[in-house]
J.: 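Structure provided below as structure tokens; questions to follow.
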Amino acid sequence: MNQKETFLSEFVAEAAKTRKMLERVPFDHATWKPHEKSSTLAALAQHVANLPLWVSITLLQDELDFAKPMERSKPVESLEELLAFADQRHAAAKAVLEATSDEILDTGWTMRNGEQIFFTKPKKDVLREFVLNHTVHHRGQLSVYLRLLDVPVPGMYGPTADEK
């Protein structure tokens with residue numbers, strides 16, 4: 001299995017787990033947050049759903065410059081909108097991944113803000129950190145939000161206390 005196939009396999013598996021978590025988001029608590037410094041439930045859930053966009057940003061560009069204007073998604077207002085948004089982001093990312101090559105994964109990618117360079121890394125490392133690891137991190141946060149709202153938490157890598 002080459003690098004692309006390995007990443008694609010892991011991406012698809014993690015996306016299925018992420019969708020299971022997103023399916024539980026109670027939009028009647030969309031504005032709830034556990035702390036003043038925290039995101040709202042809806043904002044966190046949409047961020048998790050949006051993270052596959054980083055696949056295209058990484059593989060179809062050689063850099064991301066925060067000094068340049070960026071398109072922002074309109075906030076989702078229901079569970080149905082959230083899941084449709086997540087499914088669209090996942091399908092688009094999967095298509096870009098399927099069309100890439102190991103050679104592209106090995107090329108460099110830069111995150112910057114104008115002249116300030118934050119880092120330059122191989123695209124495969126950016127995908128690991130800013131797609132997979134970033135998704136797992138925020139999905140974990142989302143599981144805590146669900147637990148605090150007494151919503152049954154789905155298992156990701158085995159059963160939870162809610163799934164005996």
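Count residues from 1 along the sequence.
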J.: Would you give the length of the straight line joining atom CE of M111 to atom CD1 of I117, rounded to the nearest 0.5 angstrom?
T.: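 Taking CE in M111 and CD1 in I117, the distance rounds to 12.5 Å.
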J.: Answer yes or no: is there an ion pair linking E163 with K20, defined by an N-O contact shorter than 4.0 Å?
T.: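 No salt bridge links E163 with K20.
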J.: How long is the straight-line distance from CG of L22 back to CG of L82, given to the nearest 0.5 Å?
T.: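 One gets 5.0 Å once the value is rounded to the nearest 0.5 Å.
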J.: Q61 and W109: which non-hydrogen atoms are nearest, and at how many Å?
T.: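 So the minimum-distance heavy-atom pair works out to O-CD1, 3.2 Å.
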J.: If you take all heavy atoms of A49 and P52, which pair is closest and at what distance?
T.: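 Nearest heavy atoms, A49 then P52: O-CD, 3.3 Å.
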J.: Determine whether R89 and S73 make a side-chain contact, defined as any pair of heavy atoms from C-beta on separated by less than 4.5 Å.
T.: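 Side chain of R89 against side chain of S73, heavy atoms only: contact under 4.5 Å found.
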J.: So do the side chains of P152 and L146 get within less than 4.5 Å of each other, counting heavy atoms only?
T.: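 No; the side chains remain at least 4.5 Å from each other.
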J.: Does some side-chain heavy atom of L105 sit less than 4.5 Å from a side-chain heavy atom of L59?
T.: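 Yes, their side chains come closer than 4.5 Å.
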J.: Indicate if V48 and L53 have the same hydrophobic cluster label, given that clusters are the connected sets of ILVMFWY residues with side-chain heavy-atom separations under 4.5 angstrom.
T.: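 No, V48 and L53 fall in different hydrophobic clusters.
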J.: Taking the side chain as every heavy atom from C-beta outward, state whether F85 and Q46 have any atom pair closer than 4.5 Å.
T.: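 Touching, per the 4.5 Å side-chain cut-off.
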J.: According to a 4.5 Å side-chain heavy-atom criterion applied to Ile, Leu, Val, Met, Phe, Trp and Tyr, with indirect links allowed, do M156 and V131 form part of one hydrophobic cluster?
T.: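 Cluster IDs for M156 and V131 differ.
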J.: Do any N or O atoms from the side chain of T58 and from the backbone of V126 form a donor-acceptor pair under 3.5 angstrom?
T.: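 Here the side-chain-to-backbone pair does not exist.
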J.: Using 4.0 Å as the upper bound for N to carboxylate O, is an ion pair formed by E14 and K17?
T.: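 Judged by the 4.0 Å cut-off on N to carboxylate O distance, K17 and E14 do form a salt bridge.
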J.: Can you tell me if CG on D150 sees more than 12 non-hydrogen neighbours from other groups inside 6.0 Å?
T.: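 Check fails, neighbour count at 12 or below.
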J.: With clusters defined by side-chain heavy atoms of hydrophobic residues (ILVMFWY) lying less than 4.5 Å apart, directly or transitively, does L60 cluster with I57?
T.: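 Yes.
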J.: Give me the one residue out of K123, K124, K121 that meets salt bridge (charged side-chain N to carboxylate O under 4.0 Å, His left out) with E129.
T.: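 Of the listed residues K123, K124, K121, the salt bridge (charged side-chain N to carboxylate O under 4.0 Å, His left out) partner of E129 is K121.
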J.: Does some side-chain heavy atom of D106 sit less than 4.5 Å from a side-chain heavy atom of Q3?
T.: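 Sidechains of D106 and Q3: in contact.
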J.: Is atom NZ of K33 surrounded by more than 12 heavy atoms (other residues, nucleotides or ligands) closer than 6.0 Å?
T.: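 Correct, the count exceeds 12.
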J.: Do P26 and L149 touch side chain to side chain, with heavy atoms closer than 4.5 Å?
T.: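 In contact.
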J.: I'd like to know whether V153 forms a side chain to side chain contact (heavy atoms under 4.5 Å, CB included) with R24, so could you lay out the CA-CA distance, the side-chain angles of the two residues, the decisive distance to 0.1 Å, and finally the verdict.
T.: CA-CA 8 Å; V153 177; R24 305 276 176 106; 5.7 Å; no
J.: Are any of the side-chain heavy atoms of L132 and V136 separated by less than 4.5 Å?
T.: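 Side-chain contact under 4.5 Å: no.
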J.: Mind listing the closest non-hydrogen atom pair of L148 and P34 along with its distance?
T.: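 Smallest interatomic distance, heavy atoms only, reads CD1-CB, 3.9 Å.
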J.: Hey, any chance V96 and L51 share a hydrophobic cluster, counting ILVMFWY side chains that come within less than 4.5 Å of each other, even indirectly?
T.: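 Yes, one cluster joins them.
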J.: To the nearest 0.5 Å, tell me how far R139 CZ sits from M21 CE.
T.: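 Separation between the atoms: 6.5 Å.
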J.: Between the main-chain N or O of Y145 and the side-chain N or O of W32, is there a donor-acceptor pair closer than 3.5 Å?
T.: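 Side chain of W32 to backbone of Y145, a donor-acceptor pair under 3.5 Å: no, none is there.
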J.: Could you tabulate the donor-acceptor pairs under 3.5 Å formed by side-chain atoms of residues 63-70, not counting sequence neighbours?
T.:
residue	atom	partner	partner atom	Å
E63	OE1	R112	NH1	2.8
D65	OD1	A67	N	2.9
D65	OD1	G114	N	2.7

J.: Checking S9 side chain against T6 main chain: does a donor-acceptor pair fall under 3.5 Å?
T.: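 Judged by distance alone, no pair lies under 3.5 Å.
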J.: Picking from V55, L127, T135, what satisfies side-chain contact (heavy atoms from CB on, under 4.5 Å) with F11?
T.: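 Looking at V55, L127, T135, the match for F11 under the side-chain contact (heavy atoms from CB on, under 4.5 Å) is V55.
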J.: Rounded at 0.5 Å granularity, tell me how far NE2 in H29 sits from OG1 in T40.
T.: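 These two atoms lie 13.0 Å from each other.
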J.: Is it the case that over 12 heavy atoms from other parts of the model lie below 6.0 angstrom from the CD atom of E98?
T.: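 Yes, enclosed.
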J.: With ring centroids as reference points, do F130 and F118 lie under 6.0 angstrom apart?
T.: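 Distance test on ring centres: not under 6.0 Å, no.
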J.: Do L142 and V76 sit in one hydrophobic cluster, given that two such residues count as connected whenever their side-chain heavy atoms are within less than 4.5 Å of each other, even indirectly?
T.: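 Yes, same cluster.
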J.: Would you say D162 and R147 make side-chain contact, with heavy atoms under 4.5 Å?
T.: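 They are in contact (side-chain heavy atoms under 4.5 Å apart), so the answer is yes.
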J.: State whether D87 and R19 are salt-bridged, where the test is any N-O pair (Lys NZ or Arg NE/NH1/NH2 against Asp/Glu carboxylate O) under 4.0 Å.
T.: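 Yes, charged N to carboxylate O under 4.0 Å.
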